[in-house]
Every structure is written in structure tokens, then in C-alpha cells.
Amino acid sequence: MRNRSTTKIPMPEQEPARRVRNFEEVAFGYTQAQAKREAERCLGCKHKPCVSGCPVGVDIPSFIEALAEGDTAAAARTIRRANALPAVCGRVCPQETQCEQHCVRGRNGEPVAIGRLERYTADWAMEYGEDDPPAVSNGIRAAVVGSGPAGLTCAGELARFGYGVTVFEAFHKPGGVLVYGIPEFRLPKAIVAREIAQLEAGGVVVETNCVVGRTVTVDELLAEGYRAVFVGSGAGLPTFMGIPGENLNGVYSANEFLTRVNLMRAFERGAQTPIQPMRRVAVVGGGNVAMDAARCALRLGAESVSIVYRRSEREMPARAEEIHHAREEGVAFHLLVNPVSLNGDEQGWVREMVCVEMELSEPDESGRRRPVPKEGSRVTLPVDAVIMAIGSSPNPLIRQTTPDLASNRRGCLVADEATGRTAKRGVYAGGDAVTGAATVILAMGAGQAAARAMHEDITNGVV
Ligand code: FAD
Ligand code: SF4
């Protein structure tokens with residue numbers, strides 16, 4: 001029976017006053033009845049416009065139809081054919097600018113809640129579904145550098161073609177930003193571990209604590225008999241503003257702060273690498289990373305947390321949902337201000353952030369209106385911690401240790417967008433290492449496309 005409602009079934013979630021004191025997941029996910037009712041909103045469009053917005057090409061109408069018929073196992077099989085990390089994507093994908101943006105139901109109301117339905121299906125499959133068995137081996141080995149969404153997707157796809165795939169990861173845990181960046185309350189680490197375990201059950205081998213470029217180079221991997229190498233090493237090098245006082249104690253990059261909190265679990269009692277207690281925190285930036293850092297700081301017990309952003313809320317790159325959640329939890333927004341210096345006390349701890357007010361002029365090359373300082377303005381914020389969340393770029397190690405691998409002026413590896421092929425024979429690249437900081441699903445799309453190109457090139461004897 002079709003559900004004609006023009007709005008999505010709401011997602012149950014923790015109350016703001018409660019969740020701000022814990023790191024448990026904010027959203028609870030649909031029940032079976034809610035998922036079925038939401039699935040009944042789908043029109044089953046023959047031309048599948050929603051699929052054109054999905055970088056890994058999930059057959060969205062088919063899985064939703066299976067859900068509407070109550071066959072969650074069939075829905076899960078359909079999703080897994082195209083997406084190796086559905087429980088991750090169902091939680092963190094920006095569906096509003098991907099599949100849901102193309103949904104016909106969105107023309108006259110809210111689109112079908114494709115992301116929530118994907119999450120429901122993937123969570124069900126984790127509990128009741130079966131792992132895919134390993135494919136028949138073709139006797140050829142391939143290597144993947146980095147275990148973020150790009151590397152994991154590439155590895156899963158190659159394993160399905162029958163390759164013996166090893167993923168080399170610098171950290172002690174696989175998952176990339178999914179484990180060291182995105183906080184537990186948005187993406188529980190047990191979910192990431194379970195999806196990685198499914199890939200391992202399918203034959204993917206993960207070798208942690210291996211820094212490619214130090215422990216072993218890309219050329220050494222090729223010489224060791226890996227026929228092709230995919231580089232998905234991400235964009236984990238933080239950017240700083242270059243203002244006076246940035247080296248004071250209490251000033252963090254978002255990368256360091258979130259790694260301590262998420263990967264090193266600083267929020268747990270007895271953590272071996274705790275975070276210095278903070279009372280008044282300013283987070284500089286307006287993206288998802290800034291929202292995550294601000295919401296973590298609140299949960300760690302800060303009295304006040306402010307986002308400091310040089311444009312207005314309209315230009316903020318963070319997902320609307322993240323801004324809404326941050327605001328609900330009590331994060332303050334200082335908009336149209338930009339820090340110019342940080343002042344410290346005699347012990348070298350940051351105590352003040354000095355900012356100028358900004359106004360917006362003509363759009364710049366990013367299409368957003370350019371912020372310019374208001375002559376003579378000054379705003380001073382009292383702080384004892386500052387978190388810089390103004391972007392990141394690829395770490396130079398791989399490009400410095402791999403001859404013939406080209407990079408652009410932003411430090412990103414140069415690779416063909418549709419295939420991941422680089423100028424170096426046998427080496428492919430994708431995800432944030434190529435695009436700069438982007439999204440999980442774009443990284444996954446790049447990993448999938450590169451795996452297909454690697455298979456094609458190996459099959460045709462090109463590498
Ligand atoms: P990464 O996830 O960065 O993985 C790269 C991996 O390579 C890492 O594990 C790294 O340790 C490893 N590595 C690096 N160098 C080497 C080396 N030399 N040898 C071996 N291993 C190496 N996107 C969304 O879609 N939705 C969100 O809500 C969202 N929130 C985010 C929140 C935060 C805090 C951050 C930082 C990012 C967020 N993103 C989000 C962006 C998204 O996580 C990234 O675009 C995505 O993870 C990129 O995937 P990747 O595989 O290219 O790189
Ligand atoms: Fe269903 Fe929307 Fe896709 Fe149409 S566009 S098949 S309504 S999800």
C-alpha cells in the first residue's frame with residue numbers, strides 16, 4: 001500500500017540535554033514498521049533518478065521495494081552488491097546532496113529517506129545476515145594503501161574479482177577517518193569494525209602499523225609481486241591559519257583533537273592519552289569537522305563551546321543536520337568573525353582569541369561570497385582551548401617516495417577521475433588523496449572505479 005505522506009517518517013533520537021553528556025549514538029534508527037512505512041513512500045520510478053545521485057550505483061528502487069514487501073534480506077543483498085560499507089553510508093552520507101536530491105518525491109515534499117532505509121537494512125543484515133564467502137582466487141595479488149572508505153571499497157571490489165588483496169594501513173586500527181575523525185556519537189566504531197570484518201571474511205587482508213613510504217615503498221610493493229597498487233591515503237595533514245599565538249598550549253588541529261578523542265578514546269575513564277580539561281572552547285571553521293570537534297568538546301565537559309566562522313551560516317559547508325544538532329546541544333555560533341591572533345598567559349596557555357568582524361563581498365572561485373575584514377573592528381573571546389578546523393591536505397610522504405607519481409599545487413595526487421589511473425604504470429589513486437578533503441561516498445566511488453580499471457588493465461595485460 002502506497003504511503004502518500006509528503007514528509008519522511010522522523011528518525012527517533014536522543015534528547016539534546018541527555019546526549020550532550022554521553023558519546024552514545026544520537027540517532028536510534030528506524031524500527032521495522034517505520035522502515036516499511038517509509039519504503040511505501042517510494043514510487044519505484046522506472047528511470048531511477050535517485051541512482052544517478054549515488055556514486056557507487058546502489059539499485060535504490062529495488063532495495064526499497066524489497067523493504068516495502070517485508071523482505072529485508074533481499075534488500076540487504078541488493079545494497080551489498082554495490083556498497084561495501086552500507087551501515088557507514090546510512091549514517092554519514094550527505095544524502096540530501098546525493099541520491100535524495102534526485103528523488104521525485106522531493107519535488108512535492110520531502111524525498112524518500114533513502115539514507116535512513118539503507119541504515120535500517122544494513123543494521124538488520126549485521127544482526128541476521130550472512131557474510132559473503134571469499135571469491136575463487138585468480139592467483140594475482142594487489143595492494144591497497146590506506147584503509148579509509150576509498151581503500152576498503154577498492155579492496156572489497158578486487159577481492160570479489162578473485163585477487164589476493166592486502167591493505168596496508170599506517171594506524172593501528174583500520175577505517176581511516178571513519179575511526180579517527182567521525183565521532184562515536186555519529187558513527188559507532190563497532191559498526192565500522194563489523195563492516196571491515198565482513199570485507200575480511202570476503203578475503204581482504206589488513207596489515208596495520210605499516211606506513212607506506214617508510215616501512216615499505218610503493219615500488220617495493222610492486223617489486224614484491226603485487227601486480228597493481230591503489231593509493232587511498234586520504235588528506236590527513238591539518239592546515240593552520242599562520243596567526244600569532246597558534247603554537248600556544250591548548251591550541252589543537254581538529255585532526256589531533258578528534259584522533260585523541262575517537263581513535264585513542266580520550267572520552268573514556270582511564271584513557272592513556274586523555275585531553276586536557278577545557279572550559280571555554282573556540283572551534284575555528286564551518287564544516288562537518290568543526291561541528292564534530294565542537295560537539296565532542298561539549299561532551300568532554302566544556303562550559304561553553306563556540307564555532308568561529310568567517311562567513312555566514314548560508315555559506316557553511318557542514319551538513320544542515322550537523323549544524324542543527326550542534327545548535328540543539330548548545331554550541332554558540334560567532335559568524336562573520338575571523339581570528340587574527342591568540343594571546344596566552346605566563347605559562348604559555350592560550351587565554352584569548354582576538355578576531356576581526358567580516359562582511360561578504362562578491363563570490364570567489366568557490367562560488368561563495370568572499371569575506372573581507374571590517375576596517376577597525378575587534379572582537380575578543382576568552383578561551384582556554386582553540387581547535388583549528390579549517391581544512392586539511394594530503395600527507396606528502398607517498399608522493400615524495402614514489403617516483404613518477406604526479407601531484408598538483410594543492411599536494412593532491414594526479415589521477416584520472418573515472419578510473420584512478422595515474423601517470424605511473426600499475427599505480428592507481430582515489431579518494432581524498434586525489435580530490436582533497438571530500439566525502440565518504442565520493443571516496444568509495446573512486447575506490448570502486450579504480451578497482452574496475454585495475455581489473456581491466458590486468459586482464460588486458462596492460463600492467
Ligand atoms: P581516509 O578516510 O582519510 O583514509 C586514509 C587512510 O590512509 C587513513 O587510515 C590513513 O591512516 C592511511 N594512510 C595515510 N598515509 C598512509 C601511508 N603512507 N601508509 C599507509 N596508510 C596511510 N564525509 C561524509 O561523507 N560525511 C560526514 O559526515 C563526514 N564527516 C567528517 C568528519 C570529520 C571529522 C572528517 C575529518 C571528515 C569527514 N568526512 C565526512 C569526510 C570523509 O570522512 C572523507 O572524505 C573520507 O574518509 C575520505 O576517504 P579516504 O579513504 O580517501 O581517506
Ligand atoms: Fe523511489 Fe525517489 Fe528513487 Fe523514485 S526517485 S525510485 S521515489 S527513491
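Read the numbers this way: they start at 1 and go in the same order the structure lists the ligands and their atoms. This is a predicted model, so every value here is computed, not measured.
- Leu342 places a side-chain heavy atom less than 4.5 Å from the side chain of Val386.
- Among Cys89, Ala235, Ala170, the residue whose heavy atom lies nearest to atom 20 (C) of ligand 1 is Ala170.
- In this comparison of Val177, Asp432, Leu152, the heavy atom closest to atom 44 (C) of ligand 1 sits on Asp432.
- Side-chain contact of Glu118 with Asn83: a donor-acceptor pair under 3.5 Å is present, judged by distance alone.
- Residue, atom and distance of the protein heavy atom nearest to atom 12 (C) of ligand 1 are Glu169 OE1, 3.4 Å.
- For the residue pair Glu13 and His325, a side-chain donor N or O sits within less than 3.5 Å of a side-chain acceptor on the partner.
- When each of Arg295, Arg265, Arg299 is paired with Glu184, the salt bridge (Lys or Arg N to Asp or Glu O under 4.0 Å) condition holds for Arg265 and for no other.
- Interatomic distance, CZ of Arg105 versus CZ of Arg41, reported as 5.0 Å (0.5 Å rounding).
- With hydrogens and angles left out, the side-chain atoms of Ser312 and Glu315 include a donor and acceptor closer than 3.5 Å.
- A salt bridge (Lys or Arg N to Asp or Glu O under 4.0 Å) with Glu329 is found for exactly one of Arg21, Arg19, Arg18, namely Arg19.
- Of the charged side-chain nitrogens involved, at least one lies within less than 4.0 Å of a carboxylate oxygen, so that Lys36 and Glu40 count as a salt-bridged pair.
- Between Tyr309 and Phe333, the distance separating the two ring centers is not shorter than 6.0 angstrom.
- Checked against a 3.5 angstrom limit, the closest N/O atoms of Pro149 and ligand 1 fall inside it.
- Listed by number with element, the atoms of ligand 1 under 4.0 angstrom from any heavy atom of Gly431 are 52 (O).
- For Asn22 and Gln14, the side-chain atoms include at least one donor-acceptor pair closer than 3.5 Å.
- Of the heavy atoms in Asn395, none comes closer than 4.0 Å to ligand 1.
- Atom 51 (O) of ligand 1 has as its closest protein heavy atom Ala150 N, 2.9 Å.
- Taking only nitrogen or oxygen atoms, main chain and side chain alike, Val92 reaches within less than 3.5 Å of ligand 1.
- Counting protein heavy atoms only, atom 4 (O) of ligand 1 is closest to Gly148 CA, 3.3 Å.
- Side chains of Gln198 and Arg80: a donor-acceptor N/O pair is present below 3.5 angstrom, by distance only.
- Protein-derived N/O/S atoms nearer than 2.8 Å to atom 2 (Fe) of ligand 2 total 1, waters excluded.
- Comparing Thr259, Val231, Val440 against atom 25 (O) of ligand 1, the shortest heavy-atom distance belongs to Val440.
- From the protein, the heavy atom lying nearest to atom 7 (O) of ligand 1 is Gly146 CA, 3.2 Å.
- Within the structure, ligand 1 has Arg186 among the residues with a heavy atom less than 4.0 angstrom away.
- Atom 13 (N) of ligand 1 has its nearest heavy-atom neighbour, among Ala443, Ser233, Pro94, Cys154, in Ser233.
- By the 4.5 Å heavy-atom criterion applied to side chains, Cys45 and Lys48 are not counted as neighbours.
- On a distance-only criterion, Thr439 and ligand 1 share at least one N/O pair closer than 3.5 Å.
- Using a 4.0 angstrom heavy-atom cutoff, Ala437 does not count as in contact with ligand 1.
- Residue Asp292 places no N or O, backbone or side chain, under 3.5 Å from any N or O of ligand 1.
- Between Asp123 and Arg91 there is a salt bridge, since at least one side-chain N of the basic residue sits less than 4.0 Å from a carboxylate O of the acidic one.
- Numbered from 1 in the order shown, with element, the atoms of ligand 1 that lie under 4.0 Å from a heavy atom of Phe168 read 20 (C), 21 (N).
- Checking Pro238, Ala293, Ala438 against atom 39 (N) of ligand 1, the nearest heavy atom belongs to Ala438.
- The proximity of Arg214 to ligand 1, defined as any non-hydrogen pair under 4.0 Å, does not occur for either the backbone or the side chain.
- Distances below 4.0 Å separate heavy atoms of Phe171 from the following atoms of ligand 1: 11 (O).
- For the residue pair Glu65 and Ser62, no side-chain donor N or O sits within less than 3.5 Å of a side-chain acceptor on the partner.
- Taking the side chain as every heavy atom from C-beta outward, Phe168 and Thr215 never approach each other to under 4.5 Å.
- The protein atom (non-hydrogen) at minimum distance from atom 53 (O) of ligand 1 is Gly234 CA, 3.3 Å.
- Considering only heavy atoms from C-beta on, Asp432 stays 4.5 Å or farther from Pro394 through its side chain.
- Close contacts of ligand 1 with Gly181, meaning ligand atoms under 4.0 Å from a residue heavy atom, involve 34 (C).
- With a 4.0 Å heavy-atom cut-off, ligand 1 is reached by the side chain of Ile398 but not by its N, CA, C or O.
- Short contacts between ligand 1 and Gly176, defined as distances under 4.0 Å to a heavy atom of the residue, involve ligand atoms 2 (O), 4 (O), 8 (C), 9 (O).
- Within a 6.0 Å sphere centred on CD of Glu224, heavy atoms belonging to other residues, nucleotides or ligands number more than 12.
- Of the protein's non-hydrogen atoms, the one nearest atom 31 (C) of ligand 1 is Ile182 CG1, 3.6 Å.
- The protein atom (non-hydrogen) at minimum distance from atom 33 (C) of ligand 1 is Val289 CG2, 3.6 Å.
- Taking the six-membered ring for Trp and the full ring otherwise, Tyr428 and Phe230 have centroids separated by 6.0 Å or more.
- Residue-environment remark: CD (Gln400) exceeds the threshold of 12 foreign heavy atoms within 6.0 Å.
- Atom CG of Asn408 sits in a crowded spot, with more than 12 heavy atoms from other residues, nucleotides or ligands closer than 6.0 Å.
- In summary, the atoms of ligand 1 found under 4.0 Å from a heavy atom of Val145, numbered by their order in the structure, are 19 (N), 20 (C).
- Annotation: Arg2, atom CZ; neighbour count of heavy atoms from other residues, nucleotides and ligands within 6.0 Å is above 12.
- Summary of contacts: the protein heavy atom closest to atom 5 (C) of ligand 1 is Gly232 O, 3.4 Å.
- Residue contacts with ligand 1, taken as heavy atom pairs separated by less than 4.0 Å, involve Cys210 solely via the backbone atoms N, CA, C and O.
- When the heavy atoms of Thr217, Val434, Leu258, Val212 are ranked by distance to atom 17 (C) of ligand 1, first place goes to Val212.
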